[in-house]
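Taking it in order: structure first as structure tokens, then the write-up.
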Amino acid sequence: MKPMFDRVWLNAHLATMDGPSAAPLGIIEDGAVASRNGRIAWVGRRADLPGQATETVDCAGAWILPGLIDCHTHLVFGGNRAAEFEQRLAGATYEQIARAGGGIFSSVRATRSASSKELFNSALPRLQGLMAEGVTTVEIKSGYGLQLESELKMLRVARRLGEAERVQVVTTLLAAHAVPPDFAGGAAAYAQYVAEEIIPASAGLADAVDAFCETIAFSPAQTAVVFAAARAAGLPVKLHADQLSDLGGAALAAAHGALSADHLEHASAEGLRAMAQAGTVAVLLPGATYFLREARHPDIAAMRQAGVRMALSTDMNPGSSPARSLLLMLNMGCTLFRLTVEEALLGVTCHAAAALGLEDRGLLRAGLRCDLALFQVNRPAELCYWLGHNPCSGRVVGGE
């Protein structure tokens, strides 16, 4: 008789992320997960397993979670800004560093001058570090090219990373990240350039379009120009919103049906309610809050009250969050933002999937992709508790 399943994972406990609101982790002690054709075919108690598998994997008592998802990274970039970090510690201000040619534009220069091979080789260990922690899907933004060819170069490198490793890479065009100093025109003209030139050229390379709506970047009206072009190209949108001030970014993201609004330190309760109604996910980035020593934190209580889904991510980037560990973000989300363990773990699984518009992962549920992360811990809370420890004992990507 032909086995029902390709593979089954036994001797494990499950955190399915698919439980009721009172117990959202969906814990199953002594459970099993079975796969067929790269999809989860069955989840439940081992005693109820309905059939045999071609291959059986003994998980040695590990906890199985859906494969972790890092839904907001700037993982591809040239150089780094450790020297600027040192200067800030010595008393230099951001303005002084920027005037001396530092800040985001130092990353732009380094990224523009780097070859695709150099960008790939520098990004690869950063990606592999996330994978070692149980990450099976990662979003990678452009945004350090700020010109057509350099933005496309970043997207191509991101695509190559996904082809080279057993991980799914989702690409986001963030050409509207800042106004390049060598651009002949202001923010409005550059936003138009992004809309008319870069977005159409990114077809097939970008899965979504992002923008930085802030006083130092693009206004709501300029952001709307970029979003209109994304919609015309058939691409969903995301938004860096309300990080430094309340420009109404949360409400703007909601009005455009954005997949997510990210940062949100200054978002209003009204904007958060609009996000909840639109289904826009709040992506929380505690690494940036920590690294920049920001006193203002996202209003988690207002998010809970509004019913906004909260995701959690590294925001890995060279300037404001050189964070290379999603597990560390679990702890920071809990300690800095006072998330519960349940909120933090949902934030790197099912809610992170929603922030990327991916409905086929983030839960242990029959019919979804068989992306799993295995951890040798006694209880899931340890993933949020330990600092500097990686208990991941294995990953499964598409059933393999």
Please find the pair of heavy atoms, one from [X] and one from [Y], that lie closest to each other, and give the distance.
| X | Y | value |
| --- | --- | --- |
| Ala366 | Ala41 | CB-O, 3.8 Å |
| Ala187 | Phe218 | O-CE2, 3.7 Å |
| Ser142 | Leu155 | CB-CD2, 4.1 Å |
| Arg309 | Ala354 | NH1-CB, 3.4 Å |

Counting only heavy atoms not in [X], do more than 12 fall under 6.0 Å of its [atom1]?
| X | atom1 | answer |
| --- | --- | --- |
| Tyr290 | OH | no |
| Arg379 | CZ | no |
| Glu86 | CD | no |
| Gln52 | CD | no |
| Gln376 | CD | yes |
| Phe291 | CZ | yes |
| Glu270 | CD | no |
| Trp386 | CH2 | no |

Once you round to the nearest 0.5 Å, how far does [atom1] of [X] lie from [atom2] of [Y]?
| X | Y | atom1 | atom2 | value |
| --- | --- | --- | --- | --- |
| Thr280 | Leu239 | OG1 | CG | 9.5 Å |
| Gln147 | Tyr190 | CD | OH | 8.5 Å |
| Leu264 | Met310 | CG | CE | 11.0 Å |
| Ser107 | Asn317 | OG | CG | 8.0 Å |
| His351 | Leu356 | NE2 | CG | 13.0 Å |
| Leu247 | Thr215 | CG | OG1 | 6.0 Å |

Under 3.5 Å side-chain donor-acceptor pair for [X] and [Y]:
| X | Y | value |
| --- | --- | --- |
| Ser325 | Glu133 | yes |
| Glu214 | Ser245 | yes |
| Asp315 | His74 | yes |
| Thr54 | Asp6 | no |

Grouping I, L, V, M, F, W and Y whenever their side-chain heavy atoms are under 4.5 Å apart, do [X] and [Y] come out in a common cluster?
| X | Y | answer |
| --- | --- | --- |
| Ile199 | Leu259 | no |
| Val283 | Val138 | no |
| Leu173 | Val169 | yes |
| Leu285 | Ile300 | no |
| Val209 | Val179 | yes |

Counting N and O atoms only, with roles assigned by atom type, does the side chain of [X] sit under 3.5 Å from a partner on the main chain of [Y], one being a donor and the other an acceptor?
| X | Y | result |
| --- | --- | --- |
| Thr314 | Arg324 | no |
| Asp371 | Gly398 | yes |
| Arg166 | Val397 | yes |
| Asp262 | His240 | no |
| Arg36 | Phe5 | no |
| Arg296 | Glu265 | yes |

Practice problem: Walk me through it: do Ser150 and Thr111 pass the test side-chain contact (heavy atoms from CB on, under 4.5 Å)? | Solution: CA-CA 8 Å; Ser150 295; Thr111 302; 5.8 Å; no
Practice problem: Assign the ring pair Phe77 / Tyr144 to parallel, tilted or perpendicular, where the plane angle (0 to 90°) is split at 30° and 60°. | Solution: perpendicular
Practice problem: May I have the step-by-step check of side-chain contact (heavy atoms from CB on, under 4.5 Å) for Arg112 and Arg109, ending in yes or no? | Solution: CA-CA 5 Å; Arg112 286 180 177 180; Arg109 289 193 299 274; 5.9 Å; no
Practice problem: List the steps, then state whether side chain to side chain donor-acceptor pair (under 3.5 Å) holds for Ser116 with Arg156. | Solution: CA-CA 8 Å; Ser116 295; Arg156 291 189 186 102; over 6 Å; no
Quiz item: His72 and Lys238: side-chain contact (heavy atoms from CB on, under 4.5 Å), yes or no, with the steps?
Solution: CA-CA 10 Å; His72 179 131; Lys238 304 166 68 69; 5.8 Å; no
Practice problem: State which residue, out of Val135, Leu65, Leu326, fulfils the side-chain contact (heavy atoms from CB on, under 4.5 Å) condition with Val348. | Solution: Leu326
Practice problem: With Thr349 as reference, evaluate Thr137, Leu68, Asp18, Ile69 under the side-chain contact (heavy atoms from CB on, under 4.5 Å) test and give the passing residue. | Solution: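 The side-chain contact (heavy atoms from CB on, under 4.5 Å) with Thr349 is passed solely by Leu68 among Thr137, Leu68, Asp18, Ile69.
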Exercise. Decide yes or no on side-chain contact (heavy atoms from CB on, under 4.5 Å) for Arg338 and His297, but give the supporting numbers first.
Key: CA-CA 10 Å; Arg338 310 309 294 170; His297 293 180; over 6 Å; no
